[in-house]
Amino acid sequence: REVLMLGRELDRYPARVEQFNDLRILTGLIHEHGHNADERGPQFKQPNAVATADRMMTKWLHLALLGSLAASILLAITLSFRTFAHSPIATLVSAENASWESSLPTFEGSELVPGILNLRSGIATIRFRSGALVTLQAPSDLELLSPMRGRMLVGSASIEVPDSAIGFIMETPNGYAVDHGTEFSVSVDLSRNRSSFEVIEGEISVHVASTGESARLSGQGRAVTLAANSLVTRENTLPERGPGPGPEVVQIGTGGREGSAIRNDAREYISPKFLTVNRLFNKQWDRRSFFAFDVSSVDLDKFDYVTLRLNLVPFPYGIFGVLPKSNRYEVYGLTNPEKADWKNDSLWEDAPAPEDGVLIGTFDIPRSQQRGSFTISNEALRQFLLEHGEREVTFVVIRENLPLKYGDVPCHAFAGHRHPEVNGPQLEFELAEND
């Protein structure tokens with residue numbers, strides 16, 4: 001266990017590798033010195049007792065000095081590892097209606113060491129030891145790096161920086177912002193590979209990581225977007241913040257054209273409120289769901305971004321503790337024309353199946369999660385629609401991995417068209433902003 005811990009710490013702190021190598025060299029010298037001193041060959045003459053005693057004293061003095069130095073270095077490295085690995089750099093100040101998927105502690109008042117906070121719902125406030133206050137809104141992933149540095153991996157947050165934390169850095173996948181005494185916001189959209197910073201009050205400087213391009217923003221409403229290795233500044237001149245007109249978006253639902261199939265065709269276990277998906281070792285209770293969209297009214301060549309959205313909803317049956325901690329789901333686009341005329345109440349053998357189509361994308365759901373929106377937006381989806389979207393397109397969703405145990409195994413469920421609270425499956429077409 002200690003060796004594994006040492007390996008992880010060396011990976012996290014490359015600067016400590018040189019110290020560790022020095023220790024290894026010293027240990028080798030100690031071993032080599034002791035080994036050489038014990039070797040005797042026929043070429044050596046038997047020394048007298050006084051000379052032997054002097055050499056023995058000298059050898060043990062050398063060993064003692066080397067051992068002391070090695071022990072000092074080992075102690076310094078150990079203390080450094082403990083300091084860097086376990087010293088808190090932030091505190092979780094508050095968590096409002098929050099749910100998490102984080103290995104870091106998530107109770108209010110928890111001391112936080114370097115690591116990643118994964119906020120899935122609600123709002124949470126983190127105070128760095130420097131005094132910088134970061135308020136996350138879900139869904140967001142924030143990596144805590146040091147008392148003066150954080151990295152927004154996805155999502156949005158506001159940052160308040162007092163005088164004690166001037167120079168605080170907030171990184172994103174596209175670049176980073178340096179505080180000059182301010183309050184600002186940050187947003188990271190991974191689906192479009194872009195990050196945005198906006199000044200709420202004060203001043204920041206923003207830098208593109210790949211090119212070194214930078215901009216200094218001062219005053220309320222000044223903002224910048226980092227995307228495609230470029231930096232575009234803008235100024236919010238609206239008297240009140242709002243979404244604005246934004247890009248053109250067309251949303252299409254299934255219109256009730258959806259269904260689920262169960263392997264033993266026990267349809268009494270199927271409800272139009274849910275699109276259920278499951279897979280067992282013995283195959284007896286396998287479930288898959290399918291749904292279709294009429295896209296005949298959409299000019300598919302006009303839209304640059306296409307998103308398939310499924311909304312996860314609580315399923316009232318089964319013991320979710322027997323599921324794997326992470327569950328992968330696959331979505332297929334139907335290409336087999338013989339299955340195109342499926343019915344909502346299709347039996348297992350007649351319903352669309354993965355072998356009747358092409359893989360569009362995947363997503364993972366933790367067993368602890370029963371709410372959330374899961375999307376697929378990629379080139380495979382766009383190409384499938386361009387090739388097969390003359391009128392109706394059908395998708396099939398299945399569970400890819402197997403549960404670990406038998407028993408009353410539940411299944412994750414997505415909202416169907418009759419769910420009372422959440423929308424069923426949707427296709428969302430978005431026109432590029434510069435079109």
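No hydrogens, no waters, no symmetry mates; every other heavy atom, side chains included, goes into these values.
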Output the distance between atom CZ (Arg222) and atom CD (Gln220), rounded to the nearest 0.5 Å.
-> 12.5 Å
Got Phe168 and Ser130 here, is their nearest side-chain heavy-atom distance under 4.5 Å?
-> yes
Is there a side-chain contact between Ile126 and Leu112 (heavy atoms, below 4.5 Å)?
-> yes
Rounded to the nearest 0.5 Å, how far does OG1 of Thr106 lie from CG of Leu117?
-> 8.5 Å
Between the side chains of Ser205 and His180, does any donor sit under 3.5 Å from an acceptor?
-> yes
Side chains of Leu217 and Phe184: closer than 4.5 Å at any heavy-atom pair?
-> no
Under the side chain to side chain contact (heavy atoms under 4.5 Å, CB included) test, which residues partner Asp364, sequence neighbours left out?
-> Ser326, Arg328
Modelled atom types, side-chain donor and acceptor of Ser260 and Arg287, under 3.5 Å = no
When rounded to the nearest 0.5 angstrom, what distance separates CD in Glu101 from CD in Gln369?
-> 5.0 Å
Verify, without hydrogens or angle tests, whether Ser377 (side chain) and Val306 (backbone) share a donor-acceptor contact under 3.5 angstrom.
-> yes
Is there side-chain contact between Ser102 and Ile116, with at least one heavy-atom pair below 4.5 Å?
-> no
Are Thr135 and Ile123 side-chain neighbours, meaning at least one heavy-atom pair lies under 4.5 Å?
-> yes
Is the shortest side-chain N to carboxylate O distance from Arg288 to Glu330 below 4.0 Å?
-> no
Sidechain-backbone polar pair: Asn97 side chain, Ser121 backbone, donor-acceptor under 3.5 Å = no
Cut-off 3.5 Å, side chains only: do Ser187 and Ser196 have a donor facing an acceptor?
-> no
Are Trp100 and Leu119 side-chain neighbours, meaning at least one heavy-atom pair lies under 4.5 Å?
-> yes
Heavy atoms, side chains only, cut-off 4.5 Å: are Phe414 and Ile365 in contact?
-> yes
Side chains of Ser185 and Ser156: closer than 4.5 Å at any heavy-atom pair?
-> no
Residues, nucleotides or ligands: over 12 heavy atoms within 6.0 Å of Arg391 CZ | no
With Asn327 as partner, the option from His412, Arg367, Arg399 fulfilling side-chain hydrogen bond (donor to acceptor under 3.5 Å, both in side chains) is Arg399
Taking Asn344 for its side chain and Glu258 for its backbone only, find out whether a donor-acceptor pair lies under 3.5 Å.
-> yes
CD of Gln383 to CG of Leu300, rounded to nearest 0.5 Å, is 11.0 Å
Examine distances only and state if a side-chain atom of Thr375 and a backbone atom of Arg309 form a donor-acceptor pair shorter than 3.5 Å.
-> no
Neighbour count above 12 (heavy atom, 6.0 Å) for Asp341 CG = no
Does a salt bridge link Arg382 with Asp301, judged by any charged N lying under 4.0 Å from a carboxylate O?
-> no
Out of curiosity, Ser164 OG to Phe128 CZ, how far, rounded to the nearest 0.5 Å?
-> 13.0 Å
